[in-house]
Amino acid sequence: MTDTLDDLNVEGTTVGVRIDVNSPIGDDGMLADDARLRAHVDTLSELIERGGRVAVLAHQGRPGGDDFVTLESHADRLSKLLDHPVDYVDATFSKAAREAVSNLENGDCVVLENTRFYSEEYMEFEPERAAQTHLVTGLAPVLDAYVNDAFAAAHRSQPSLVGFPTVLPGYAGRVMESELDTLGTIEETPEPRIYVLGGAKVSDSIDVAWSVLEKGLADHVLTTGVVGNVFLIADGVDLGDASSDFIYDQGYWDEIDRAADLLDAYGERVALPRDVAVERDGQRHELGINALPPQDDEAAMDIGSSTLAYYRRLLEDAGTVILNGPAGVFEDEAFEKGTRTLYNAATDVETSIVGGGDTASALRQLGVEGFSHVSTGGGAALRMLTAEPLPAVTALENGPTHQQPADD
Ligand SMILES: Nc1ncnc2c1ncn2[C@@H]1O[C@H](COP(=O)(O)OP(=O)(O)OP(=O)(O)O)[C@@H](O)[C@H]1O
Ligand SMILES: O=C(O)[C@H](O)COP(=O)(O)O
């Protein structure tokens, strides 16, 4: 168990708060979607209202990517969302950053620069080694405590996530606490338990499928999206050149063998699409498996109505459904039906859990709501849904011994 904000004496304490605001960035280099910032408002407001001196740490994008930008526009947006002044300093652990943190008064908040502008932050370390990096040795001396609210990055073993809690008293923020409460008790959720794996991250989904089937966490795995297409090919279905080329281009060709091995081992518990939707004459056109392959340039862009009926029947008996990744190319109106219908059906299951940041935004776009829990995390949620430990959470749990009285 990790300590939470309830265990932290906030007033007058200088707190380094790691959040995850890794967000879509527009062509202008500015923040294009603030959903991930909104998620952290409760944690940051609470720290500010309780008189903390708040230094925010976060990453944005990956080196070399178009979304690898400064956190200046994030700081601006946070200030609006919190309805409270938020400073920004274009440094993370240099003298300027340390001075900005040291000069904080009770209730002040400053956002430090994108942690990944500093190269060691994009490496994975054991916590003790992460604690010796320049970021942690530079900044920790001006902090009294560390709060990790970045659940979505908790599967990374990077300095800002595992280094600070090794040298400072560490606490879970409100987002982290709620994610751990829900996703950490996956083994206790009502059975039968169904995992619906879709989207385009085929190798991650196959890892999850292996793990949850081996551990007996999943009674059934339903496949959709590109994941479903790979399983169909692994099962000997000819999906045609367009889908095969797409899978090859994405580098997922080797995954077909892994999918075939999984079908050999657990085939009776893995459900495959019974039909797919392609674009024909500018419109959605559904084809049963027996009618495949489609015409030359037609790709399987969504699951079809028979698959939806089949999956809905399976979901009717489920106690828990865990979903990750859209069922089709939901961005195109003709192919949103699979995702909309399947996710809507999932909201009727007693416990319905959605993992995946992109999936969450797809659902917002489609107006589908009513889940028991929508996780802020993609990779981190998937890892927890297989009951695997997250390095950043383990580092919080193992952190230095500390006893701080909570506020009166
Ligand atoms: N049949 C398909 N063919 C091509 N692309 C597809 C198909 N089905 C789904 N996709 C694409 O998959 C993408 C989303 O997959 P992804 O695995 O990234 O989702 P996610 O798990 O929600 O993401 P994250 O884990 O990053 O939050 C969408 O852009 C969608 O268009
Ligand atoms: O968006 C995410 O999933 C997290 O912020 C982690 O980002 P990363 O995959 O670039 O480490």
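Start at 1 and go down the list; that is how both ligands and their atoms are numbered. Below, all heavy atoms of this structure are taken into account, side chains as well, without hydrogens, waters or symmetry copies.
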Look at [atom] and say which protein heavy atom is nearest, naming residue and atom and giving the distance to 0.1 Å.
{"atom": "atom 2 (C) of ligand 2", "result": "R36 NH1, 3.6 Å"}
{"atom": "atom 26 (O) of ligand 1", "result": "K201 NZ, 2.2 Å"}
{"atom": "atom 22 (O) of ligand 1", "result": "T359 OG1, 2.3 Å"}
{"atom": "atom 16 (P) of ligand 1", "result": "A200 N, 3.7 Å"}
{"atom": "atom 5 (O) of ligand 2", "result": "D20 OD2, 2.6 Å"}
{"atom": "atom 19 (O) of ligand 1", "result": "P326 CD, 3.7 Å"}
{"atom": "atom 9 (C) of ligand 1", "result": "G328 O, 3.2 Å"}

Practice prompt. Please check if the side chain of T307 supplies one atom and the backbone of R274 the other of a donor-acceptor pair under 3.5 Å.
Written response: yes
Worksheet item: Any N/O of R116 closer than 3.5 Å to an N/O of ligand 2?
Response: yes
Item to complete: Output yes when the distance from some N or O of ligand 1 to some N or O of E331 is under 3.5 Å, and no in every other case.
Response: yes
Need the ligand 2 atom indices (1-based, order shown) with element for anything under 4.0 Å from a heavy-atom of [X].
{"X": "R156", "answer": "8 (P), 9 (O), 11 (O)"}
{"X": "H59", "answer": "5 (O), 6 (C), 7 (O)"}
{"X": "R62", "answer": "8 (P), 9 (O), 10 (O)"}

Item to complete: List every atom of ligand 1 that sits less than 4.0 Å from any heavy atom of N229, numbering the atoms from 1 in the order shown and giving each element.
Response: 1 (N)
Worksheet item: Nearest to atom 2 (C) of ligand 1 by heavy atom, T339, L382, V202, V226: which?
Response: V226
Discussion item. Could you check whether any side-chain heavy atom of L112 comes within less than 4.5 Å of a side-chain heavy atom of L139, counting everything from C-beta outward?
Written reply: yes
Practice prompt. Report yes or no: does F246 have a heavy atom closer than 4.0 Å to ligand 1?
Written response: yes
